[in-house]
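Input: a single structure, listed below in structure tokens.
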Amino acid sequence: MWLRDHCRCPKCFHAITKQRLVNTFEPLSVESKPEGLLISCKSTWPSSSSHISLYPWSWLQENSYDPPLRKREPLDGKILWGSKIQQDPPVVAYDEVMAHDDDKFGFSFVTGVPETTEDTEKLSERIGFIRETQYGKFWDFTSDLARGDTAYTTLALGAHTDNTYYTDPCGLQLFHLLQHTEGTGGATLLVDGFYVASILKELYPDAYSLLSRVPVPAHAAGEDTSLYRAAPFSGYPVLTHDSFTNELTQVRWNNDDRSVMSHLDPLLVEDWYEAIRMWHKCLTSPDSEYWVQLAPGTAVVVNNHRVLHGRSAFNGKRRMCGAYIGIDEYNSKISVLKEKFSAGGIFESSGRSVWNPLL
């Protein structure tokens, strides 16, 4: 039945839209052939003829579930990093953005960016669709509290991810420092949440388990015209995992935006606060923190589902611009690039193969 459900012939799988057309519920028989498995199906409808599907052995091996045969890299090839990343951080030239499928570190600097809002916005749009929020579409801001958020102040910001109060937090953030005059400070902090989580899991497994299970509510309430809370209102755990592989897929953490923890199990209150204390300890360890002073002409792009960011306090006139970009749009671009650089079998003369392992 599983094989019949995954037939890729034109009658069962639309060649253009890549959507299923098959009747999953018809009786079938299976026969082994040198080139693959042959599935014969006799229609239950009197007016319909029988159907035959051939599944290549290579595709079956790639998608086998019992037993799983596909070799999966831990964390899908991601490279975890700490403070030593400062010795050789990922950098890409402005003209080469989105020309390769390298997404191992969760962030990258972009050099040679023209020092204008217009060109920075174009850079954002090359990566993916800009996501409009209560802060606008493309930001151009200073420390004037024009918006009800501490990002619009001169205060220091601890390592955090944005949009913990959204059901679907933004995927990427792009920052470009356009100007900082008559003052000092404002260094940018980057922390690999996946790296910190791996340390927490090794040293404090009980804390890791709690942060993977207990939901954390959050809010954005600095504007009188809006009040954002994720649905459900109880929120989401700090650490989210793939339900199939159990690999870490997302970090959500902003202690400043955290709402009242009124839903905690009374027996877990002390344990949970101890867990976030251990998380904070690992997060703020000198081994985890990468500090860098941004300069006009160099933007930084951060995966908000993995890398936490912050800044030191500053004075003077500081002007920053940037945007949020959806994670699905970005992942789509990365998938297309992976197809482009694949060894073969993903594209045919007529376009994307119906046997593409991503389908």
Side-chain angles (χ1 to χ4, degrees), residues 1-45 48-80 98 100-104 106 128 168 171 194 198 212 239-250 303 305-306 326-359:
M1 184 60 71
W2 186 90
L3 291 170
R4 176 71 184 106
D5 187 45
H6 291 84
C7 180
R8 290 298 193 254
C9 84
K11 292 182 179 180
C12 299
F13 196 78
H14 200 288
I16 302 300
T17 69
K18 306 300 186 287
Q19 291 173 296
R20 183 179 282 105
L21 305 173
V22 65
N23 180 355
T24 307
F25 312 104
E26 296 173 332
L28 52 85
S29 62
V30 181
E31 184 180 357
S32 178
K33 295 287 185 180
E35 60 271 31
L37 278 183
L38 194 69
I39 307 299
S40 300
C41 172
K42 185 175 181 179
S43 177
T44 56
W45 295 93
S48 301
S49 59
S50 60
H51 185 80
I52 297 177
S53 307
L54 180 65
Y55 301 82
W57 290 116
S58 58
W59 184 88
L60 291 169
Q61 183 175 14
E62 179 77 15
N63 292 282
S64 172
Y65 63 88
D66 186 19
L69 299 176
R70 181 182 180 185
K71 293 182 179 179
R72 300 179 184 272
E73 293 185 66
L75 291 174
D76 197 24
K78 292 178 175 60
I79 296 177
L80 306 185
M98 300 311 292
H100 305 284
D101 64 340
D102 191 351
D103 183 36
K104 297 176 181 176
D168 175 28
F194 284 15
S198 70
S212 301
L239 306 175
T240 301
H241 297 79
D242 185 307
S243 59
F244 176 63
T245 65
N246 204 36
E247 290 183 357
L248 181 63
T249 57
Q250 184 179 3
N303 185 332
H305 287 199
R306 171 181 173 182
I327 193 66
D328 293 323
E329 289 75 24
Y330 173 67
N331 285 338
S332 171
K333 291 283 186 75
I334 291 296
S335 295
V336 170
L337 287 169
K338 288 183 182 297
E339 287 181 327
K340 179 180 178 181
F341 297 110
S342 173
I346 289 181
F347 270 98
E348 299 172 342
S349 58
S350 58
R352 180 172 287 134
S353 170
V354 297
W355 299 109
N356 186 318
L358 300 179
L359 302 182

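Residues meeting the side-chain hydrogen bond (donor to acceptor under 3.5 Å, both in side chains) test with S32, sequence neighbours left out: none. Applying the side-chain hydrogen bond (donor to acceptor under 3.5 Å, both in side chains) criterion to E35, with sequence neighbours excluded, gives no partner residue. In this view, P67 and S64, L69 satisfy the side-chain contact (heavy atoms from CB on, under 4.5 Å) rule, not counting sequence neighbours. Listed by chain and number, the residues in a ring-ring contact (aromatic ring centres under 6.0 Å, His included) with H14 amount to none (sequence neighbours excluded). Applying the side-chain contact (heavy atoms from CB on, under 4.5 Å) test to S198 and every residue at least two apart in sequence or in another chain returns L80, Y195. Checked against salt bridge (Lys or Arg N to Asp or Glu O under 4.0 Å), D242 has no partners two or more places apart in sequence or in another chain. Looking at residues two or more places apart in sequence or on another chain, you find a side-chain contact (heavy atoms from CB on, under 4.5 Å) between L38 and E31, K33, I52, L54. Judged as a side-chain contact (heavy atoms from CB on, under 4.5 Å), and not counting sequence neighbours, the contacts of T240 are T249, Q250.
Here CD1 of I334 is found 9.5 Å from CD1 of I327. Values are rounded to the nearest 0.5 Å. Distance check, rounded to the nearest 0.5 Å: CG of N303 to CZ of F194 gives 7.0 Å. Between K18 atom NZ and I16 atom CD1 the span is 6.0 Å, to the nearest 0.5 Å.
The nearest pair of heavy atoms linking K104 to G77 is CG-O, 3.7 Å. Across every non-hydrogen atom of S212 and H241, the tightest pair is OG-CE1, 3.0 Å.
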